[in-house]
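What follows is a single structure, written as structure tokens, with notes after it.
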Amino acid sequence: MNGVAAEKQVPPAASIRTTSRTTNKSTRRSTTQQDRAVHQGHGVAADTRLRELPELEDAVSIRNALIAIGKMSPPGEAVRSCRWLTADRRNEMILARLDAGGIDLARFSSRKMETTHQMKFTSILVCSLVLCGLFGAAEAQAARTVYQVEMRDGVKLATDVYLSARGSGPWPVILGRTPYGKSLSADIGSFSSSGYAVVIQDVRGRFASEGIARPWVDDGWGELQDGYDTMQWIRAQSWCNGKIVTVGPSAGSILQMLLAGTAPEGLVGQLWEVGPFSNYHETCYSGGVFRKSLVEGWLAAGQWPSQCLVDIRSHPTYDDFWRRQNLGERPEVVNWPMAFVGGWFDIFQQGTLDAFTTIQQRGGPNTRGNAHLMMGAWTHAFNNTQVGELVFPDSAKKPSQWPSYEEWLACWLKDQPLRVNLPPVLYYTMGELPDKLDTPGNEWRSADTWPPASNLTPFYLTTEGGLQRGPGQQGSLSYFYDPKNPVPTLGGQNLVLPMGSFDQRPIESRSDVLLFTTEPLTEPLEVTGRITAVLYVSTSAVDTDFTAKFTDVYPDGRSMLLNDGIRKLSFRDSLSNPEPITPGQIYRLEIDLWSTSIVFNTGHRIRVAISSSNSPRFEPNPNTGNPDWTSSDTVIAEQTIYVGGERSSHVLLPVVGETSGISQWEWWGD
């Protein structure tokens, strides 16, 4: 990564990394106990209120039910939990938080998802709840006008416009585009009462819009540019004062990313949340390997045409199809303020970081110095303290220093200054859980850019299964990888599958998983930044994959997942131009494990697990050299990892607070 930033302290009033850890965590624990009392006092009442509502048949009904529950509560109360039945009578539990300011998905119980139907249902529900949760639980008071906005090829997109009943405008505009149905975002219309015009649009081929549904293809800077055309239409309306801000998480942020690449006139701000920078690198493929569960699950849940999956699978390399969906190809056209929100366990984690870093450094003059980033210990359900099998303290929720949606909108559209002196980067540094008074980490920090200052330090794999600072004895270790018996996915940066950190011991005992572990740490060690596994490998196959996992091993033996990655061996030097593999030849392979921020406590150990599969998170490589999805033929491959000497496989960790290590390093992948 480019750039090294010195970490800086936020004043104590900011509640980020306060000077007294004991006072801070004592106060935190007291607050947590009070919250639990509130949960116990209102949990039964919440369930009772929900049972009184009509049956919930779809996501819109669920949203309305959540709003209704919020209205049944006394002012300022938060309803902490709710239960409902899906249309086919299968129980599902999602714990949601309804605050006076809106709906935030605060806890997502992925362990409940045991059937394909439930997983598909929940993938859409998560996205729709997050989308609805951005803009408050109040029902829209403004009148809605529906337009059929014509694109450059004559296709018309269904577009809702909300205007204030007070005054005649013109007003600044809030724009949200969605593939999930604009009715799910109707609550945004309530912002019209605050002096904004609000525009919500179904993308091409979805719900009330005309055309053929092709996710993302027609929304960027290709032949068709639906986002750009919509902006042009808005600016031509008498109720628009020429200033537009775009909003929307997840899929909404993908649409924002694509719109940004068209450099539309009038765009004065964008709020990206849990979104990617490149649809190839962070959405559909990782290291040249298809993100099977994420892509197939999302397409199926959204009932996209079957041709959409064919189109994605027909472009396994990073080609022009994907370059038109990667803002990193043209960051210099971005010339307006931007705010980014991401999570360490989010499906688009590294994309959020890359977007901020690249645009902060290479964007236009109105962007440099006006880009902000917040990274929490969250999954795709951001602001969520339940992360797989880990539960973070309430202090891990969004810090008060991060502006509200109202503040971002007023700043960008009405030139009102933010109420705080916001640092460019706010990030949560994780620590041992459950949190103790003397546990290092588990606190918010700030920096001028990302990543903060660190030294990339190699930790070497050894023949004895160790992970140490210096190279060990030269040697190798082998295992057999059978594509018909892949290592099962257990947590990680998922959407449809259980997401977050899970104990990896159930799969670490497999014969096709090699473990490399440090000795127990004698003092805390902080790792903040991007992690890379550098392996020297050979295979008996004509092509194959290698995987790496990065875990925190607790003194009781739990091996809690932090990051994982994968790379296809034929893609070792380029994601655009794969090269053939010679069986038995030794190759250098880098696996991108994305980023994290954590303090490993005294007594903990750091572990790297090497294998060749992680299914169905990633599609298993058949080892035949044929496209993975066109044939059921497979070959068992003997995989070898080399350690010591000139072929010392290692993992590069960005260690904070040490002077040794590699001072300069940049991720080389395309």
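Heavy atoms only: backbone and side chains are in, while hydrogens, waters and symmetry mates are out.
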Please report the interatomic distance [atom1]([X]) to [atom2]([Y]), rounded to the nearest 0.5 Å.
X	Y	atom1	atom2	answer
Gln386	Ser501	CD	OG	11.0 Å
Trp402	Glu407	CH2	CD	11.5 Å
Leu299	Gln307	CG	CD	11.5 Å
Gln325	Cys284	CD	SG	7.5 Å

For [Y], is there an ion pair with [X] - N to carboxylate O distance below 4.0 angstrom?
X	Y	value
Arg324	Glu223	no
Asp226	Arg152	no
Arg235	Glu265	yes
Asp219	Arg214	no

Can you find a side-chain donor-acceptor pair between [X] and [Y] that sits under 3.5 Å?
X	Y	answer
Ser250	Glu273	no
Gln225	Thr262	no
Gln201	Thr230	yes
Gln493	Trp594	no
Tyr318	Asn326	yes

Suppose we screen for salt bridge (Lys or Arg N to Asp or Glu O under 4.0 Å). Which residues come up paired with Glu150, at least two apart in sequence or across chains? none

Test your reading of the model: is there a side-chain donor-acceptor pair from [X] to the backbone of [Y], 3.5 Å cut-off?
X	Y	value
Trp412	Val245	no
Lys397	Asn383	no
Asp346	Gly342	no
Asp160	Thr145	no
Tyr180	Asp202	no
Ser209	Ala158	yes
Thr159	Leu157	yes
Trp378	Ala396	yes
Thr385	Asp394	no
Gln256	Gly248	yes

Check Ile188 against Val198 and note the closest heavy-atom contact, atom names and distance.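 That closest heavy-atom pairing would be CG2-CG1, 3.4 Å.
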
Kindly give the heavy-atom pair with the smallest separation between Pro264 and Trp336, and that separation in Å.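 Looks like CD-CH2, 4.3 Å.
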
What orientation do [X] and [Y] show, parallel under 30°, tilted 30 to 60°, or perpendicular over 60°?
X	Y	answer
Trp216	Trp298	parallel
Phe277	Trp272	tilted
Trp450	Tyr427	perpendicular
His380	Phe348	perpendicular

Establish, yes or no, whether the cationic atom of [X] lies under 6.0 Å from the six-membered ring centre of [Y] and within 45° of the ring axis.
X	Y	result
Arg291	Phe618	no
Arg206	Trp304	yes
Lys414	Tyr196	yes

Are [X] and [Y] side-chain neighbours, meaning at least one heavy-atom pair lies under 4.5 Å?
X	Y	result
Ser164	Trp171	yes
Gln360	Arg368	no
His372	Phe340	no

side-chain contact (heavy atoms from CB on, under 4.5 Å) involving Val333 - partner list, sequence neighbours excluded: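 In terms of side-chain contact (heavy atoms from CB on, under 4.5 Å), with neighbours along the sequence ignored, Val333 is linked to Ala263, Arg330.
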
